[in-house]
Amino acid sequence: MQILDGKALSKKIEDQVAKGAKTLKDETGRTPGLAVILVGSDPASHAYVGMKKKACDRAGFYSVTHEMPADISQDAIESTIKMMNQNPSIDGILIQLPLPEQIDTTKLLELVAPNKDVDGFHPYNVGRLTTGLDGFVPCTPLGVMELLAEYNIDPKGMNAVVVGASNIVGKPMAALLLNANATVQVTHIYTKDLKACTLNADIILVGAGVINLIKEDMVKDGAIIIDIGINRADNGKLVGDVDFENVAPKSSYITPVPGGVGPMTIAMLLKNTLTAAQAHAKEA
Ligand code: NAD
C-alpha cells in the first residue's frame with residue numbers, strides 16, 4: 001500500500017505556480033488576481049476562504065474577498081459579480097458555496113464570465129469538459145487527476161466507481177475519468193447496492209460526506225482508493241468517507257484525510273487562476 005501524498009504534491013505545484021506568477025509579472029507587469037464572494041457566517045466556508053487567501057498570498061497573487069451578510073439580496077451579489085467581470089485586475093472569480101436559501105446559485109454561477117470561471121462551474125466550462133475540450137475544470141476532481149498522474153496511475157481501461165454525483169465533485173470527476181478512457185460508474189444516495197458496485201472497482205473515488213461509508217468488505221484487494229470526503233468526527237478530527245484504518249491494508253494506493261485531495265484542490269485553484277491570468281495577459 002502506498003499513500004498518495006497530496007500535501008507534498010500541492011506544495012510542489014504551488015511553487016511552480018508562484019514561479020509562473022513571477023514570470024508573468026516580469027514579462028507583462030500583470031499580477032494574477034482572484035476575487036472571492038463569501039456570503040454569511042458559515043465557519044467551514046470562512047475557513048476554506050481563509051485557506052484560499054493564504055495560498056494566494058504564498059503564490060504572489062492579488063486577492064480580494066467580498067464578504068456579505070446572509071440576508072444579502074440576489075441583486076447585490078449579481079452587481080458584485082458584474083463588477084468583477086469588468087475589473088481588469090481580476091482574473092478569477094470564485095463564489096464560495098453553499099449560499100443561503102434565498103439566493104439563486106445557478107443564476108450566479110451563470111453570470112460569472114466563463115474566462116474568469118476558475119472553479120469551472122459555469123455551464124460553458126461544464127459543456128467543454130464533457131465534450132473533452134479545454135476549459136476550466138472544477139478544482140477538486142482536477143486535483144485528483146493530477147495526484148494520479150504524479151504516481152503514474154493511468155485510469156485508462158480501469159473500472160472506476162465514483163461515489164457521489166454532485167455538480168462540483170462526482171459529475172466532473174466522472175467526466176475526467178471518462179475522458180481518460182476509464183469505464184465509469186457513478187453512484188449516489190439512491191444506488192441500490194453500493195457494495196456490489198465498489199467491489200468491482202479498480203479505483204474508487206468517494207465524495208459523499210458520510211463518515212466510514214467505504215468499508216473493508218466493499219473493496220477488492222489492490223484497489224486504488226481516493227477519499228474526497230471531508231467530515232468532522234465527534235472527537236473534532238477531520239476524517240474522510242473511507243474507513244482508512246481497515247481499508248488501507250487492502251488497497252494498492254490510498255489518499256489520507258487530511259493531506260490527500262484537500263490540499264490539491266487549493267493548488268488547482270491557484271493553477272487555474274494563473275492560467276486565466278496568462279490568457280488575459282495575451283488578450284490585453
Ligand atoms: P453533496 O452533498 O452536494 O453531494 C453528495 C453526494 O453524495 C450526492 O450525490 C449524494 O447522492 C451522495 N451520497 C450521499 N450519501 C450517500 C450514500 N450513503 N451512499 C452513496 N452516495 C451518497 O456534497 P459535495 O459538495 O459533493 O461534497 C461531498 C464531500 O466531498 C463532502 O464531504 C465535502 O466536504 C467533500 N469535498 C471535499 C473537497 C476537497 O477539497 N477535498 C471539495 C469539495 C467537497
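For ligands, and for the atoms within them, numbers begin at 1 and follow the listed sequence.
Listed by atom number, the atoms of ligand 1 under 4.0 Å from Val210 heavy atoms are 15 (N). With ligand atoms numbered from 1 in the order given, ligand 1 contributes 32 (O) to contacts under 4.0 Å with heavy atoms of Asn231. Of all atoms in ligand 1, numbered sequentially from 1 with element shown, those under 4.0 Å from a heavy atom of Thr265 are 39 (C), 40 (O). Residue Gly209 approaches ligand 1 through these ligand atoms, each under 4.0 Å from one of its heavy atoms: 29 (C), 31 (C), 32 (O). Shown in contact with Ile168 at under 4.0 Å from a heavy atom are these atoms of ligand 1, numbered in order with element: 25 (O). Under a 4.0 Å criterion applied to the non-hydrogen atoms of Val169, ligand 1 contributes the atoms 26 (O), 43 (C), 44 (C). Atoms of ligand 1 lying under 4.0 Å from at least one heavy atom of Gly262, given by number and element, are 40 (O), 41 (N). Those atoms of ligand 1 with a heavy atom of Gly164 less than 4.0 angstrom away are 6 (C), 7 (O), 9 (O), 12 (C).
The single protein non-hydrogen atom nearest to atom 21 (N) of ligand 1 is His188 C, 3.2 Å, given as residue, atom name and distance. At the shortest separation from atom 36 (N) of ligand 1 among protein heavy atoms lies Ile228 O, 3.6 Å. The nearest protein atom to atom 15 (N) of ligand 1, hydrogens excluded, is given as Ile189 CD1, 3.4 Å; this is a heavy-atom distance. Among protein heavy atoms, the minimum distance from atom 28 (C) of ligand 1 is reached at Gly207 O, 3.3 Å. Looking at atom 1 (P) of ligand 1, its nearest protein heavy atom turns out to be Ser166 CB, 4.1 Å. Among protein heavy atoms, the minimum distance from atom 34 (O) of ligand 1 is reached at Ile230 O, 3.3 Å. Given atom 2 (O) of ligand 1, the protein heavy atom at minimum distance is Ala208 O, 4.8 Å. Scanning the protein for heavy atoms near atom 42 (C) of ligand 1, the closest one is Thr140 OG1, 3.1 Å.
The closest heavy-atom contact to atom 8 (C) of ligand 1, among the options Ala165, Pro98, Pro141, comes from Ala165.
Taken to the nearest 0.5 Å, the NZ atom of Lys19 stands 13.0 Å off from the CG atom of Leu274.
Applying the 6.0 Å contact sphere to CG of Asp234 captures no more than 12 heavy atoms from other residues, nucleotides or ligands. Shown here is Lys250, whose NZ atom has more than 12 heavy atoms of other residues, nucleotides or ligands within 6.0 Å.
Across all non-hydrogen atoms, the minimal contact from Lys116 to Asn85 is NZ-O, 3.0 Å. When all heavy atoms are compared, the tightest approach of Ser41 to His46 is CA-NE2, 3.6 Å.
Side-chain atoms of Lys52 and Gln96 form a donor-acceptor pair, as typed in the model, at a separation below 3.5 Å. A donor-acceptor pair shorter than 3.5 Å cannot be found between the side chains of Asp75 and Ser73.
A salt bridge is absent between Lys271 and Glu14: the closest approach of a Lys/Arg side-chain nitrogen to an acidic carboxylate oxygen does not fall below 4.0 angstrom.
Side-chain atoms of Val219 and Ser251, non-hydrogen and from C-beta on, never get closer than 4.5 Å to each other.
The shortest heavy-atom distance from Leu213 to ligand 1 is under 4.0 Å.
Under the 4.5 Å side-chain heavy-atom criterion for Ile, Leu, Val, Met, Phe, Trp and Tyr, Tyr48 and Met68 are members of distinct hydrophobic clusters. A continuous path of ILVMFWY side-chain contacts below 4.5 Å connects Tyr151 to Met268, so both sit in one hydrophobic cluster.
The proximity of Thr191 to ligand 1, defined as any non-hydrogen pair under 4.0 Å, does not occur for either the backbone or the side chain.
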| query | Going through the distances and angles, do Asp134 and Arg128 end up as a salt bridge (Lys or Arg N to Asp or Glu O under 4.0 Å)? | reply | CA-CA 6 Å; Asp134 280 349; Arg128 291 188 71 87; over 6 Å; no
